[in-house]
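Step one of this worksheet: look at the structure below.
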Amino acid sequence: MLATSKINKIQGKITVPGDKSISHRAVMLSSISKGVSRIQGFLRGEDCLSTIACFQGLGIEIEDKGKEIIVQGKGLYGLKEPMDVLDAGNSGTTMRLLSGILAGQEFLTIVTGDSSLRKRPMARVAVPLRKMGAVIEGRDHGNLAPLVIRGGSLKAIDYASPVSSAQVKSAILLAGLYSEGSTIVREEITSRDHTEKMLKSLGAKITTGEGKVTVEKSELYNQDEIQVPGDISSAAFFMAAAAAIPDSHLIIEKVGLNPTRTGIVDVLKEMGAEIEIDNVFTSGGEEIGDIIIKGKKLQGTSIGKEIMPRLIDEIPVIAVIAAVAEGKTIITGAEELKVKESNRITSMVTEMKKLGIQVTELPDGMEIEGNNKISGSTVESYGDHRIAMAMAIAGLFASDPVKINNSECIAVSFPEFEEMLKQVAK
Ligand code: S3P
């Protein structure tokens, strides 16, 4: 069980593990590209290891050489019918993006996941993929895993997505690679665009703009080397803690700075944080740079629907530092948090209350009073990695230790979290 307690400040220089979203996509797209790909900076978290296992189950040779992951890509039609059920573990990205690829395969695949993933909505991908011509069945009329997918000849669709979700958008775009005609996905607010960027770099016929993405039937050609930047969603736990603890000074090197992911930087600045970005460069269409944070007392803020897709995974840790900021913080437009690895609104509100924080649950977010005195307690993670890490950050401000039950789930996205926290906590 992980336990954290009050510290004086955060100080040092760290490199966080590889971006989870990009690591998944690197394995998936390399598998369906022609040729050998070498993936560097790959995140060896449980979620991305599930993606590797699924593609190995589909007959792709993938080898972990330590320095890099080597994928022997077999092209769009090189996957084989798996001998057994594929297991996406805890990973929504694995199940949803994989469904898009499987929609283009004539063979039958069954995909399952852990007890959390088997409760998460899959109709959001099954509905458009069926429209394209795939046969998808599952529990609850095809909404819940295990999913049974038989793909085949697909036709393009023009789809206005009811949710801003990169997983939905990506599933449709990946199926679009196998479809006759122009596949279009429209979003009201643009979600993370790593799939579009990587598809472009692998030679797909893809165009973006005006709230829509269009892809044509395309072969993918491997890029030889894919460089995965540090995950800003993992960096966020350290960024938030350093920003909110006066006298802190933290440098996080080579973090992915894709504008569809940097909402955390904007919100921390809005709260008064001192943040600088340095040494920016681009690789595979993705911006990468160093983030430098100096700590001070922060102010409360309001966060709404517009920015939400750019910081959805960072809401738990933002809620924690809002509790020690000056003044109230209001978070709205965050309904999507209810269908993550746990219901992150209820999980956070329930556990923050156990630490003596004044917080009210809203139908689409929460309201957090500022200047709370955080007390120690034993809290639950709900098996949700980001809840566990957010609670660990809460402990850095608490009068007594915060002990987190089932904290092993942190390995889903950030196996080095505890060690790195020890390194910079002074
Ligand atoms: C992800 C998209 C987001 C995010 C998740 C990773 C991705 O989910 O919360 O952690 O890699 O595409 P949604 O697409 O459900 O918003």
Side-chain angles (χ1 to χ4, degrees), residues 17-29 42-43 45-48 50-51 54 88-101 113 116-117 119-129 143 145 159 161-174 185 187-199 213 228-229 231-237 256 258 260-264 286 305-318 333-345 347 364 384-390 409-410 412-414:
D19 188 276
K20 184 155 77 71
S21 294
I22 299 177
S23 295
H24 282 300
R25 287 158 174 79
V27 167
M28 293 185 185
L29 297 188
F42 180 81
L43 169 64
E46 286 166 6
D47 268 12
C48 299
S50 294
T51 290
C54 285
N90 190 241
S91 174
T93 309
T94 308
M95 185 167 285
R96 297 199 179 111
L97 270 63
L98 179 59
S99 299
I101 294 174
S116 151
L117 188 55
K119 287 189 204 113
R120 296 179 64 189
M122 293 299 147
R124 52 179 59 198
V125 289
V127 166
L129 294 175
N143 182 40
Y159 193 70
S161 182
V163 277
S164 280
S165 157
Q167 296 177 359
V168 172
K169 174 175 59 177
S170 302
I172 301 168
L173 294 175
L174 293 172
V185 187
E187 283 185 310
E188 196 186 316
I189 308 168
T190 303
S191 61
R192 63 190 67 189
D193 63 358
H194 305 297
T195 302
E196 296 90 303
K197 288 202 149 78
M198 201 177 286
L199 280 176
V213 188
V228 181
D231 196 327
I232 193 165
S233 297
S234 297
F237 295 97
N258 180 314
T260 61
R261 297 285 299 282
T262 49
I264 178 71
E286 296 283 353
K305 188 176 167 202
E306 279 298 314
I307 196 172
M308 208 45 74
R310 296 180 54 230
L311 48 58
I312 189 74
D313 293 340
E314 286 64 79
I315 294 294
V317 76
I318 290 173
E335 296 93 337
E336 274 295 298
L337 285 180
K338 295 182 180 173
V339 291
K340 296 292 178 189
E341 287 83 331
S342 71
N343 176 337
R344 287 184 177 159
I345 299 179
S347 306
D364 62 343
D384 182 336
H385 55 129
R386 297 203 201 277
I387 301 298
M389 289 186 277
C409 59
I410 290 173
V412 156
S413 66
F414 200 165

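Heavy atoms only: backbone and side chains are in, while hydrogens, waters and symmetry mates are out. Remember, it's 1-based here, ligands and their atoms both numbered in the order they're listed.
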TODO: Would you mind telling me if ligand 1 is within reach of the side chain of H24, the backbone, both or neither, using heavy atoms under 4.0 Å?
DONE: neither
TODO: Would you mind listing which atoms of ligand 1 come within a distance below 4.0 Å of any non-hydrogen atom of I312?
DONE: 9 (O)
TODO: Would you please name every residue forming a side chain to side chain donor-acceptor pair (under 3.5 Å) with S50, sequence neighbours left out?
DONE: none
TODO: Could you grab the distance from atom OG of S165 to atom CZ of R96, nearest 0.5 Å is fine?
DONE: 6.0 Å
Task: Gap separating the CE atom of M28 from the CE atom of M198, nearest 0.5 angstrom - done: 10.5 Å
TODO: Answer with yes or no whether K340 contacts ligand 1, where contact means a heavy atom under 4.0 Å from a ligand atom.
DONE: yes
Which residue and non-hydrogen atom of the protein lie closest to [atom], and at what distance in Å?
atom                    : answer
atom 11 (O) of ligand 1 : S21 OG, 2.7 Å
atom 14 (O) of ligand 1 : S165 OG, 2.7 Å
atom 10 (O) of ligand 1 : D313 OD2, 2.8 Å

Open item on the list: Polar contacts were defined as any N/O atom of the residue lying under 3.5 Å from an N/O atom of the ligand; does this apply to A166 and ligand 1?
Closed with: yes
Open item on the list: With respect to Q167, determine whether any N or O atom, backbone or side chain, lies less than 3.5 Å from an N or O atom of ligand 1.
Closed with: yes
Task: Criterion side chain to side chain donor-acceptor pair (under 3.5 Å) against S170, the qualifying member of T195, D193, T93 - done: T195
- [ ] Mind running side chain to side chain contact (heavy atoms under 4.5 Å, CB included) on I189 and M308 for me, showing each step along the way?
- [x] CA-CA 9 Å; I189 308 168; M308 208 45 74; over 6 Å; no
Open item on the list: Heavy atom to atom 7 (C) of ligand 1, shortest distance: which of R25, H194, M308, R386 holds it?
Closed with: R25
- [ ] Return the set of residues passing salt bridge (charged side-chain N to carboxylate O under 4.0 Å, His left out) with E314 (not counting sequence neighbours), or none when no residue passes.
- [x] none
Open item on the list: I'd like to know if the side chain of N143 reaches the main chain of A123, judged simply by a donor and an acceptor atom lying under 3.5 Å from each other, with no hydrogens or angles considered.
Closed with: yes
